[in-house]
Amino acid sequence: MSIEVRGISKSYGASQALKDVSLKVKSGELVALLGPSGSGKTTLLRIIAGIEDADPGSGKVLFDDVDVSSTDAGKRRIGFVFQHYALFKQMSVFENIAFGLRSKPWRERPSNGAIRAKVEELLTLVQLQNFAQRYPNQLSGGQRQRVALARALAVEPRVLLLDEPFGALDATVRRELRRWLRKLHDTIKVTTIFVTHDQEEALEVADRIAVMNNAKIEQIGSPEEVYEKPANPFVYAFLGNYNLFHGRHDDTPRGQGSGAVTFVRPHDIEILRENPDGSAIAARVTHIGFAGAAVNVELVRHDDQQSIDAELSNQAYRALSLKQDDEVFIRLRNSHSFYEDYAI
């Protein structure tokens with residue numbers, strides 16, 4: 001099922017949560033709404049779900065080109081998964097998953113046998129076959145989140161909406177679950193939108209990412225597009241660590257003057273022992289930090305004393321034999337320049 005949002009705005013008193021937001025999600029697509037707290041991403045998700053209403057007359061929500069803006073949440077056939085699971089503590093895993101099926105009007109309610117078969121199918125899908133009779137307090141956080149997903153899928157939703165689904169989990173469990181979610185989505189092919197403030201999560205899981213800021217969408221595209229071709233400084237800055245150069249520099253692309261800012265990722269800072277063509281920038285190593293497979297090198301430029309962060313592979317670090325206070329040269333690769341009239 002496709003989803004389209006056309007010109008949606010939402011205000012809470014004097015505060016505007018969404019400003020004329022439009023978005024299209026193709027059938028079977030997995031889209032991430034990525035942005036900082038307060039950017040409007042959860043409000044947009046709740047309006048799509050029908051849990052909240054947009055400002056009167058501000059726009060429409062369409063499922064498969066049918067306007068559902070006035071349709072109750074219960075009739076939109078939405079599967080909604082919250083950050084904090086919202087499982088029923090007094091119910092077993094089996095009964096939590098079966099809840100939506102047992103709550104249907106009696107004319108639509110499946111038989112007990114059909115409910116059991118559906119729950120067992122979902123337990124297998126979320127890899128919890130042996131946990132049917134356990135209770136939520138007997139599960140890990142990752143297991144509880146999988147139960148919440150299974151419960152949302154039990155009613156065969158047309159759309160799956162996830163609000164910070166892994167935000168309450170530690171980093172290791174989050175990494176495992178987001179890979180599991182990607183595999184699950186590839187299996188069930190349900191149109192899915194998930195909210196996150198975790199850039200790595202969005203880049204790894206989503207087919208496309210809508211980067212949100214200040215109540216609007218700044219850019220939407222594939223993970224590669226938004227990372228490699230950011231539309232503006234905010235998108236660049238939000239999607240990872242960076243070095244920022246103001247004004248004109250020898251390394252700034254030709255034609256960019258004093259009103260330009262140039263961004264470079266730490267892994268795109270090349271460190272050299274020599275400067276044979278005179279184009280590199282003189283710098284001094286001020287600190288070296290090991291971070292597993294990578295080595296973080298802090299430097300300071302000679303000309304303006306600006307601090308620079310570089311990230312090297314262990315192999316590159318060993319080849320350079322770097323030490324603190326070494327005099328070196330740096331070269332910028334894959335830089336992005338913008339004019340300074342756009343606030344980060």
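Not measured: the values here are computed from a predicted model. All values below come from the heavy atoms of this structure, side chains included, with hydrogens, waters and symmetry mates left out.
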*Under 6.0 Å from the six-membered ring centre of Phe131 and within 45° of its axis: does the NZ or CZ of Arg146 meet both?*
no
_Can you pull out every ring pair (Phe, Tyr, Trp, His ring centres under 6.0 Å) where at least one residue sits in residues 265-319? Sequence neighbours excluded, please._
Phe290-Tyr317
*Roughly how far, to the nearest 0.5 Å, is CD1 of Ile3 from OG1 of Thr192?*
8.5 Å
_Salt bridge Arg178-Glu200, side-chain N to carboxylate O under 4.0 Å_ = yes
*Any donor-acceptor N or O pair under 3.5 Å, side chains Asp198, Thr196*: no
_Contact check, side chains of Phe194 and Val81, non-hydrogen atoms, under 4.5 Å_ = no
*Does a donor on one side chain and an acceptor on the other come within less than 3.5 Å for Asp163 and Thr42?*
yes
*Does any non-hydrogen side-chain atom of Arg182 lie less than 4.5 Å from one of Glu204?*
no
*Do Asp268 and Arg265 sit within salt-bridge range, that is, some charged N less than 4.0 Å from a carboxylate O?*
no
*Minimum side-chain heavy-atom gap Phe63-Thr191 below 4.5 Å*: no
*Compute both the distance and the angle, then confirm whether Arg175 meets the cation-pi test with Phe166: under 6.0 Å from the six-membered ring centre, within 45 degrees of the axis.*
no
_Just checking Lys60: does its NZ atom have more than 12 heavy atoms from other residues, nucleotides or ligands closer to it than 6.0 angstrom?_
no
*Classify the angle between the aromatic ring planes of Tyr236 and Tyr242 as parallel (below 30°), tilted (30 to 60°) or perpendicular (above 60°).*
perpendicular
*No-hydrogen, no-angle side-chain donor-acceptor test under 3.5 Å, Gln219 and Asn232*: no
*Could you check Ser9 against Asp55 for side-chain hydrogen bond (donor to acceptor under 3.5 Å, both in side chains), going step by step and ending with a plain yes or no?*
CA-CA 6 Å; Ser9 295; Asp55 290 343; 5.4 Å; no
*Rounded to the nearest 0.5 Å, how far apart are CG of Leu44 and CZ of Arg46?*
12.0 Å
*Would you please say whether a donor-acceptor pair under 3.5 Å links the side chains of Ser337 and Thr262?*
yes
*Taking Glu29 as the fixed residue, which of Arg208, Lys24, Lys189 is the one that meets the salt bridge (Lys or Arg N to Asp or Glu O under 4.0 Å) rule?*
Arg208
